[in-house]
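Sequence positions, counted from 1, serve as the residue numbers for this chain. The structure presented is a predicted model; accordingly, all values stated were derived computationally and were not measured. Quick note: numbers below take in every heavy atom, side chains included, and nothing from hydrogens, waters or symmetry partners.
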Amino acid sequence: MQANPILFFDLETSSASTADCQILEIACIVVDFTSLDTIPGSEFTSLVRPEDESRLEPGAMAKHKIPLED
């Protein structure tokens, strides 16, 4: 049986509330199931423009350190 690679996602959001948070950054990486080594070239990260900047919570912005200018 061949083991499939594992894909890990990470999201940075504008709030801890699942009802009204916005995604600000998405990242992913693929890992070999057997060795748990990162598969070269599999890393991805991208900032996402928020739809409504007035809903950005200062605490969330301070935690993940993404400047609004970015």
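When the side-chain contact (heavy atoms from CB on, under 4.5 Å) test is applied to Ser54, the partners found at least two apart in sequence or on another chain are Asp52.
Under a hydrophobic-cluster definition in which Ile, Leu, Val, Met, Phe, Trp and Tyr are linked whenever side-chain heavy atoms come within less than 4.5 Å, directly or via other members, Met61 and Leu47 are assigned to the same cluster. Transitive grouping of hydrophobic side chains (ILVMFWY, heavy atoms separated by less than 4.5 Å) keeps Val30 and Phe8 in distinct clusters. Ile29 and Ile6 fall within a single hydrophobic cluster, where Ile, Leu, Val, Met, Phe, Trp and Tyr are joined by side-chain heavy atoms under 4.5 Å apart, directly or via other members. Both Ile39 and Phe9 sit in one connected hydrophobic cluster of ILVMFWY residues. Membership requires side-chain heavy atoms under 4.5 Å apart, directly or through other members.
For residues 17-28, every residue pair satisfying the side chain to side chain donor-acceptor pair (under 3.5 Å) rule, not counting sequence neighbours, is listed here: Ser17-Asp20, Glu25-Thr45. Residue pairs meeting the side chain to side chain donor-acceptor pair (under 3.5 Å) criterion with at least one partner in residues 3-14, sequence neighbours excluded, are absent.
For Ser35 (side chain) and Asp37 (main-chain N/O), a donor-acceptor pair under 3.5 Å exists by modelled atom type.
You'll find the side chain of Phe33 stays beyond 4.5 Å of the side chain of Pro5, heavy atoms only.
Expressed to the nearest 0.5 Å, how far CD of Glu51 lies from CZ of Arg49 amounts to 11.5 Å.
Minimum heavy-atom separation, Leu24 to Leu56: CD2-CD2, 3.9 Å.
Annotation for Ile23: atom CD1 does not count as buried by contact number, only 12 or fewer foreign heavy atoms lying within 6.0 Å.
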